[in-house]
Asker: 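Pasting in a structure now, in structure tokens, and then I'll have a few things to ask.
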Amino acid sequence: MLDQESMLREKVADLERQGRYYDMVQPLEELVSLLSYRCSGGGCSTARETPEYAAALDQLGGLHRNLGNLDRAHDIYQQAVMTSATVFGTDDPNYATTLNNYAGLLRLRQDFDGADDAYQRAEKVYNATIGPTHVLTISCLNNRGLLRQDQGRFDEALELHHEALRRLRSVPGNEVAEATTLNNIASVHAKMKDYAQARQYMEEASEIYERTVGKQSDLYVGQLHNLASIQALSGDYEGALERLEWVAQRSQEMFGPRSDNTRAALRNLAAVYDHLGQTEKAQAARAQADRGLH
């Protein structure tokens with residue numbers, strides 16, 4: 001018979017495979033709590049700081065971040081960073097990964113200085129331990145590019161993303177990371193209102209995602225949302241409509257009605273309905289997005 005920890009791990013893994021992230025919260029919270037009370041007595045505060053506990057905290061912080069629970073995610077990530085530093089040390093790639101993930105949350109909270117500092121510290125550790133062409137190091141490079149996008153520093157963002165793409169293509173085999181980087185480059189061009197160039201990069205990325213991770217992946221869902229948004233911005237509303245309807249439905253199934261992903265898809269879908277003169281459908285989509293706030 002499986003013990004409680006094994007059962008919780010299996011449940012979390014099964015829900016993740018199904019893309020049911022909204023339903024993952026409770027069992028993952030239970031797993032973190034269980035791991036935090038593995039020991040008892042005066043040594044518990046240090047004995048509980050195990051690699052398994054550090055990894056579970058990181059996963060839980062990322063889950064809450066993706067579901068839009070940013071305050072909860074921030075509390076968890078602060079604990080995850082401290083635990084990871086204790087367990088692995090501050091010159092270890094595992095610590096750098098937690099720091100990189102925490103920086104992503106800070107970026108979402110628009111703490112740009114804090115995010116930049118965390119990204120650069122993580123990248124420094126990666127460079128020193130696993131090297132500049134490792135996919136994790138390149139992830140940090142891409143993340144700094146996303147931060148520059150948020151700051152409106154588009155030329156710097158393109159430079160970082162193209163350097164990431166150059167490194168990836170110098171060591172073939174990381175197609176998903178390549179697609180993500182292509183998508184990042186497309187995002188910069190879209191913000192610069194160069195929609196034709198943006199769509200070219202985004203369609204290349206979409207093909208890679210569909211071939212490598214499949215249509216049920218959250219990566220593919222996010223990518224299709226981005227591509228549909230570019231189509232709408234360039235005036236291709238009919239092309240955007242079918243994709244956004246699918247994305248809105250799939251996002252709700254994966255992330256729940258309150259997530260930023262779901263509400264953004266519904267708002268974009270409503271805007272496309274408006275452009276096509278489908279007023280009632282636009283109102284319904286907006287109402288559904290607003291209900292997700294409560």
Side-chain angles (χ1 to χ4, degrees), residues 15-16 18-25 63-70 73 104 107-108 110 146 149-150 179-180 182-211 213-294:
L15 290 169
E16 187 171 26
Q18 296 177 55
R20 292 168 56 191
Y21 302 111
Y22 190 67
D23 295 327
M24 280 175 59
V25 173
L63 178 60
H64 278 291
R65 178 195 59 208
N66 292 339
L67 293 174
N69 306 325
L70 301 188
R107 184 173 69 83
L108 286 176
Q110 299 187 340
L146 293 173
Q149 289 192 48
D150 291 346
T180 300
L182 289 166
N183 190 39
N184 292 339
I185 295 171
S187 175
V188 181
H189 283 291
K191 289 171 181 174
M192 297 171 71
K193 301 189 186 305
D194 183 359
Y195 299 128
Q197 191 73 58
R199 184 166 179 174
Q200 179 181 332
Y201 280 109
M202 207 160 279
E203 287 178 341
E204 185 179 355
S206 297
E207 188 277 329
I208 294 173
Y209 278 139
E210 183 173 358
R211 174 166 46 83
V213 299
K215 292 185 176 181
Q216 298 306 307
S217 167
D218 59 322
L219 290 174
Y220 180 78
V221 173
Q223 175 62 27
L224 209 66
H225 189 182
N226 291 336
L227 178 55
S229 298
I230 294 298
Q231 288 179 275
L233 287 169
S234 63
D236 181 11
Y237 300 117
E238 291 286 356
L241 178 60
E242 182 177 357
R243 286 186 166 129
L244 280 173
E245 287 180 330
W246 184 84
V247 167
Q249 177 62 36
R250 186 66 186 131
S251 292
Q252 182 156 321
E253 293 169 356
M254 295 176 77
F255 303 113
R258 296 181 63 247
S259 74
D260 289 342
N261 293 331
T262 300
R263 289 187 288 110
L266 287 166
R267 286 194 295 267
N268 289 336
L269 178 60
V272 169
Y273 281 140
D274 280 333
H275 282 290
L276 293 173
Q278 299 181 31
T279 305
E280 290 185 5
K281 287 186 176 181
Q283 290 174 342
R286 285 197 182 88
Q288 189 176 351
D290 290 341
R291 284 197 298 272
L293 291 171
H294 305 293

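Not measured: the values here are computed from a predicted model.
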Asker: Taking all non-hydrogen atoms of both residues, which atom of Ala232 and which atom of Ala240 are closest, and how far apart?
Answerer: N-CB, 3.9 Å

Asker: Determine whether Asn66 and Tyr21 make a side-chain contact, defined as any pair of heavy atoms from C-beta on separated by less than 4.5 Å.
Answerer: no

Asker: Could you tell me the separation between the CD atom of Glu204 and the CG atom of Leu227, rounded to the nearest 0.5 Å?
Answerer: 12.5 Å

Asker: Could you go through Val221 and Ser251, starting from their C-alpha distance and side-chain angles, then the distance that decides it, and tell me whether this counts as side-chain contact (heavy atoms from CB on, under 4.5 Å)?
Answerer: CA-CA 7 Å; Val221 173; Ser251 292; 3.7 Å; yes

Asker: Just by modelled atom types, is the Gly256 backbone N or O under 3.5 Å from a matching donor or acceptor in the Thr262 side chain?
Answerer: yes

Asker: Aromatic rings Tyr237 and His275: how do their planes relate, parallel, tilted or perpendicular, breaks at 30° and 60°?
Answerer: parallel

Asker: Does some side-chain heavy atom of Gln288 sit less than 4.5 Å from a side-chain heavy atom of Gln252?
Answerer: yes

Asker: Using a 3.5 Å distance criterion without hydrogens, assess whether the side chain of Tyr209 forms a donor-acceptor pair with backbone atoms of Thr180.
Answerer: yes

Asker: With a 3.5 Å cut-off and no angle check, do the side chains of Gln249 and Glu253 form a donor-acceptor pair?
Answerer: yes

Asker: If you take all heavy atoms of Arg263 and Pro257, which pair is closest and at what distance?
Answerer: CG-O, 3.8 Å

Asker: Only counting residues at least two apart or in another chain, list the ones meeting salt bridge (charged side-chain N to carboxylate O under 4.0 Å, His left out) with Arg107.
Answerer: Asp150

Asker: Does either side chain, that of Gln223 or that of Ser206, offer a donor lying less than 3.5 Å from an acceptor on the other one?
Answerer: yes

Asker: What is the minimum heavy-atom distance between Ala73 and His64, and which atoms define it?
Answerer: CB-CB, 3.9 Å

Asker: How long is the span from the CG atom in Asn226 to the CZ atom in Arg199, to the nearest 0.5 Å?
Answerer: 13.5 Å

Asker: So how far is it from Ile230 CD1 to Met202 CE, rounded to the nearest 0.5 Å?
Answerer: 4.5 Å

Asker: For Lys191, which residues count as a salt bridge (charged side-chain N to carboxylate O under 4.0 Å, His left out) partner, sequence neighbours excluded?
Answerer: none

Asker: Hey, could you give me each pair passing salt bridge (Lys or Arg N to Asp or Glu O under 4.0 Å) that has a residue in residues 272-289? Not counting sequence neighbours.
Answerer: Asp274-Arg286

Asker: Quick one, Lys215 with Leu224, criterion side-chain contact (heavy atoms from CB on, under 4.5 Å). Give me CA distance, side-chain angles, the key distance, then yes/no.
Answerer: CA-CA 9 Å; Lys215 292 185 176 181; Leu224 209 66; over 6 Å; no

Asker: About how many Å separate CD of Glu16 and CE of Met254, when rounded to the nearest 0.5 Å?
Answerer: 10.0 Å

Asker: Do you know the tightest heavy-atom contact between Ala179 and Ala205?
Answerer: O-CB, 3.3 Å

Asker: Identify the two heavy atoms, one from Ala190 and one from Tyr195, that lie closest to each other, and give their separation to 0.1 Å.
Answerer: O-CE2, 3.5 Å

Asker: Distance from Gln149 atom CD to Asn184 atom CG, nearest 0.5 Å?
Answerer: 6.5 Å

Asker: Taking CD in Gln197 as the centre, count heavy atoms belonging to other residues, nucleotides or ligands within less than 6.0 Å. Is the count above 12?
Answerer: yes

Asker: If you look at every heavy atom in Ala265 and Ala248, which pair is closest and at what distance?
Answerer: CB-CA, 3.9 Å

Asker: Whether the side chain of Ser229 engages the backbone of His225 through a donor-acceptor N/O pair (distance < 3.5 Å, no angle test) should be reported.
Answerer: yes

Asker: So do Arg258 and Leu67 actually touch side chain to side chain, heavy atoms under 4.5 Å?
Answerer: no

Asker: To the nearest 0.5 Å, tell me how far Asn261 CG sits from Ser259 OG.
Answerer: 5.0 Å

Asker: With a 4.5 Å cut-off on side-chain heavy atoms, are Tyr273 and Leu241 touching?
Answerer: yes

Asker: Give the intermediate values and the outcome of side-chain contact (heavy atoms from CB on, under 4.5 Å) for residues Leu266 and Leu244.
Answerer: CA-CA 8 Å; Leu266 287 166; Leu244 280 173; over 6 Å; no

